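Remember, it's a predicted structure, so these values are computed and weren't measured experimentally.
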Amino acid sequence: MNNFIIKEIINDINKGLPIDKLKFRFAPEPNGVLHLGHVKAIYINFYLAKYFNSKIYLRLDDTNPNSENIYFVKNIIKNIKWLGYEYSRITYTSDYFGILYNMAKNMIKNGKAFIETKYGKKIDDIDKNLFYFKYMKLGHYKDNDFVLRAYTDKSLPNYHIKNPVMYRIRHKKHYRTANKWYIYPTYDWAHGQSDYIEKISHSLCSIEFQNHRPLYNWFINNIYNKEYNFYKPKQIEFSRLNINNIITSKRYFNLLLRKKIIKSFNDPRLITLDSFKMKNYNPEYIIDFIKINGFTKRNTNIELEKFESYIKNRIIKITKIIMAIKNPIKVILKNFSKTKNNTINIDNKYKISISKVIYIDKEDFKIKHNNNFFRLSFKNYVRLKYYYAIKAYKIKKYKNKITKIYCKIYKNINKNRIRSTIQWVSFKNKKSTYIYDYKYLYIKNNKIYNNKDIKIKKFYIDKNIYYNLKLKKNYQFLRIGFFNYFKKNSFLKLFNMKKKY
RNA sequence: AGACUCGUGGUGUAAUGGUUAGCACCUCAGAUUUUGAUUCUGAUAGUUAAGGUUCGAACCCUUACGAGUCUACCA
């Protein structure tokens, strides 16, 4: 892998940053569950740590008690583990509340920060500022009564980050510090300083923080103490992973849950890691997918199909194939002769039944058709998978619908004359099973699509196959797609087979 | 509207001023195939535009155009 981030770090090393001072961090806010987009940030940080043989921290960036909770912390820890990554330490921004408070006090003393009232009035006197700040902390004022702002200067190019808020009052229980604090630091104040405290060398984040970088550096310069940490952390931004219209926002996931469109975060219509785990995706495939897409600064839109086909092409090589029928229609095999036990051995591993009457899929038969139709008809010879070729010679209709297809078996037909192979299930030995079908939730013009319930569809498979199914295992339904056997008698669709007709 | 950032085939990336702009996916052909899948071979297709610097520019400079982010007491 080669990208601008590695180049920039190597450049820093060449300029004198000792390689043993390199340290990275993945710093999510525990206000939602991890999804495919996060894997990008996780991957690059852990990759760099491995590449440079340096430390990496998992830091829970928990500065906002309104939206964070322990459930999300656990979800993040669990999913990073599932991806197979190990960090050197787990840290919490909330552990630094005390240090950050003292740093802020120093900022006030140095005339670099001030209290502002809710009416926009600025407190000038340093002692008064310290007084208010202290009593803000002790909970003497209501939310929004005062804020602490940094007193930035003209060196910052963007006017909007001038005098940014460092602390706001929140009478809200924090999931870790409980009611110890009544003021909470903002991202801009807490993040860079936490990097500095932890001696992170390169702080990677997504592109929307570009505008904040001057402020990031300004804060660091103000608290800089070369005896504690000689090297200032550096923020590097890269663009996030966007998948077409697919929802890639933690906040939206939470909204979907509140609106009861989803029942849990492992809903298959989401690209959360919980959902991928549910689908039994190998985390390696997900990481490889991130890897092939690379790291740049430009805004990108990746097609969901690209992700799906990437996973598909990997699992196709390892999943067991079973035959399943969705829309059954009876086929009578006229010259069927009984075999020993009427079973067929497949790869000497398992057996399926065969009988005079079988089910095939309605879609695999046509009375009239053109030359592009390869499947069963009065004209086409088709092979029943694992069995002989057949051809239709008669049909039975009831109320204008085909109910039965009569076929003859051709044991010695020339291979070249067989146009295709189709799946089937013995009528005698059929077993019904269910699949959960769905489409990914997506958003267009603020409207949520595919938010209807997941559909349950009935399929038929061979009884012998049914009794040997293993829970949580992925299967290929021949010519249909891929499914995960996620609970008794139920499959979860992963994706459809590519079809050219 | 301003500030910041980014523009390489349809999509995602590579090429750090030096061969004919490379790779992967998609698409389309052909081959293989007891899955119209997979696999294999091949084809189509690209430096946003106009200037400038240079022996030489995707790369450096200028301008235009286009896209994204931000202008929160979210991160």
Can you tell which of U34(B), U8(B), U5(B) lies closest to the side chain of T421(A)? U34(B)

With Y196(A), which residues qualify under ring-ring contact (aromatic ring centres under 6.0 Å, His included), at least two apart? Y228(A)

Output side-chain donor-acceptor pairs under 3.5 Å for residues 342-353 of chain A, partner residues at least two apart or in another chain, one line each.
| residue | atom | partner | partner atom | Å |
| --- | --- | --- | --- | --- |
| N342(A) | OD1 | T339(A) | N | 2.9 |
| Y350(A) | OH | I321(A) | O | 3.2 |
| S353(A) | OG | N429(A) | ND2 | 2.6 |

Atom CD1 of I302(A) and atom P of G10(B) are separated, to the nearest Å, by 17 Å

For U63(B) versus G68(B), give the span between their P atoms, rounded off to a whole number of Å. 23 Å

Taking the ring centre of each residue, are F97(A) and H174(A) less than 6.0 Å apart? yes

Using side chain to side chain contact (heavy atoms under 4.5 Å, CB included) as the criterion, list what pairs up with I292(A), not counting sequence neighbours. F289(A), Y310(A)

Interatomic distance, I318(A) CD1 vs A37(B) C1' [rounded to whole Å]: 16 Å

What is the separation between atom NZ on K317(A) and atom P on U38(B), rounded to the nearest whole Å? 10 Å

Nucleic acid contacts - residues 343-351 of chain A versus RNA chain B, non-hydrogen atoms under 4.0 Å: none

Looking only at U13(B), A75(B), U69(B), the nucleotide nearest the T296(A) side chain is U13(B)

Where each pair must be Watson-Crick or G-U wobble with both distances under 3.5 Å, what dot-bracket representation of RNA chain B is obtained, with crossing pairs in [ ] and other-strand partners as |? (((((((..((((....[...)))).(((((.......)))))....(((((..]....))))))))))))....

Give the nucleotide from the list C73(B), C74(B), G36(B) with an atom nearest to the side chain of N144(A). C73(B)

Check RNA chain B against residues 165-177 of chain A and give the residues with a non-hydrogen atom under 4.0 Å, in numerical order. V165(A), R168(A), R170(A)

